[in-house]
Amino acid sequence: MRRICVVGTGYVGLVTGTCFAEQGNQVACVDIDETKIKLLQSGGMPIYEPGLSELVQRNSAMGRLCFTTSYDEGMRDAEFVFIAVNTPPLASDGGADLRYVEAAAKSIAQHLEHDLIIVNKSTVPIGTGDLVAQIVERERKTEAQFAVVSNPEFLREGSAVADCLNPDRVVLGATDRAAGEAVASLYLSLRCPMIITDLATAEMIKYASNAMLAARISFINEMAAICEALGADVKQVALGMGYDKRIGSSFLEAGLGYGGSCFPKDVKALMHMALTQGCHPQLLQAVEDINNDQRRRAVDKVKELLGPLQGKVICLLGLAFKPNTDDMREAASVDIAKMLQAEGAQVKAYDPVSMAVARLFLPDVEYCTNAYEAASGADAVMVVTDWNEFKQLDMRRLKGVMRNPVLVDGRNIYDGNMLRETGFTYRGTGRN
Ligand code: NAD
């Protein structure tokens, strides 16, 4: 049993802290957001993540997991302090906004009473590990010793608990090898490959991984546009490509482009870092440009089928940036709804879990209690998030409530021929 403090109780911090507790460690999660901490203390969940609520309840009940706004309380006797705060993009240049990491480092320094290891889990620009060390060195009030280790996180929202307990690999970056190995010991029971390298390389592995995944998505979306023009089916193309072991089948789903709190900001931040060092990140720029095009291309399809959108009613099925999460950050739905509204359309929507969060991003959308209500009176339905429940809809019933049976399938979840037989005008993404 090790004593661990996790600073930042969001998607990464809450899942990481809970999974460490699940493995028998004593974990305190610290956050500056009082509402979030009160909610967690009273047994509530601030986010939707499959399987997380049960684990939080069980480990809290066992006394292995607690939540606090006090660094003093959270860091008491801790051997490790993980930083898992947000690193959003700066509006000015797309670089990572490090103010939350810096504030966390300062607070850790001010409460440093005994030797410990500071582990950075947030996705941060190369060099931030050294910056955290400098801040703690400058701000600490005692002679207690510390080391900084980079431990980037690779979990995916929607399967975060499973990813955390069964990671493909653990990456550690450290100047002090012993500190790196001490953090590695926390992960031994997971029996996964581990790489211990220097701080900068560990930080870079995270950005390079996300950039690669984003590039695959933009690659297949470019193929989708070409498939549409040439009459090929991108789903079959991806299937045929994926059997090639050198290529693999994951992240080859054409759609509305990547979103969420990571890929968009991490591609931007990597480009920014490259540019400031005089590099020319032309592939990353293309990845981002193609991604931005996906939303517009989907709206163009609706316009092609309906003509001017003024006064038209468009139904969005799904709002979250992907299924099994309530996260709306950089979701395709936000861009699409705004583009539709800018053209004078009325937007109705339904999402199984993200509507409460979506209201903050899209206040002028009419939110409905199910897919049929959302499609009622619509001139077109757009599938924006591929939630499983949309795959099981009664399509005759859906068509029956629409004013105009047009369906633009942004996630290729339906069989176009079957829908056409049902009477829909159907457009997929990269296929007919
Ligand atoms: P989040 O916004 O969900 O949570 C961040 C939390 O940190 C918030 O609760 C916030 O109140 C808290 N916080 C901010 N400043 C603080 C401070 N000074 N002290 C204590 N708490 C503070 O963010 P997230 O999605 O969990 O992401 C965290 C980091 O992990 C980011 O760098 C992100 O890029 C990276 N990451 C995220 C994911 C993901 O899927 N969300 C996956 C891998 C890596």
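Below, all heavy atoms of this structure are taken into account, side chains as well, without hydrogens, waters or symmetry copies. Both counts, for ligands and for their atoms, begin at 1 and track the order of listing.
Contact check for Leu40 versus Leu14: side-chain heavy atoms found under the 4.5 Å cut-off. Within the 4.5 Å cutoff, the side chain of Val287 has no heavy atoms near those of the Met212 side chain.
In this structure Glu34 satisfies the side chain to side chain contact (heavy atoms under 4.5 Å, CB included) test together with Lys38, Thr69, sequence neighbours excluded.
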Audit row: Arg411, Thr429, side-chain contact (heavy atoms from CB on, under 4.5 Å) steps and yes/no: CA-CA 7 Å; Arg411 300 292 178 184; Thr429 304; over 6 Å; no

Please report the C-alpha distance between Phe82 and Phe20 in whole Å, then the side-chain angles of each, then the deciding distance to 0.1 Å, and finally whether the ring pair (Phe, Tyr, Trp, His ring centres under 6.0 Å) criterion is met. CA-CA 11 Å; Phe82 281 76; Phe20 276 137; 5.1 Å; yes

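Contact detail for Ser333 and Met328: the closest heavy-atom pair is OG-CE, 3.5 Å.
For ligand 1, the protein residues placed under 4.0 Å by at least one non-hydrogen atom are Val7, Gly8, Thr9, Gly10, Tyr11, Val12, Asp31, Ile32, Asp33, Lys36, Tyr71, Ala84, Val85, Asn86, Thr87, Tyr100, Ala103, Ala104, Ser122, Thr123, Glu153, Leu155, Glu157, Lys206, Ser261, Cys262, Lys265, Arg329.
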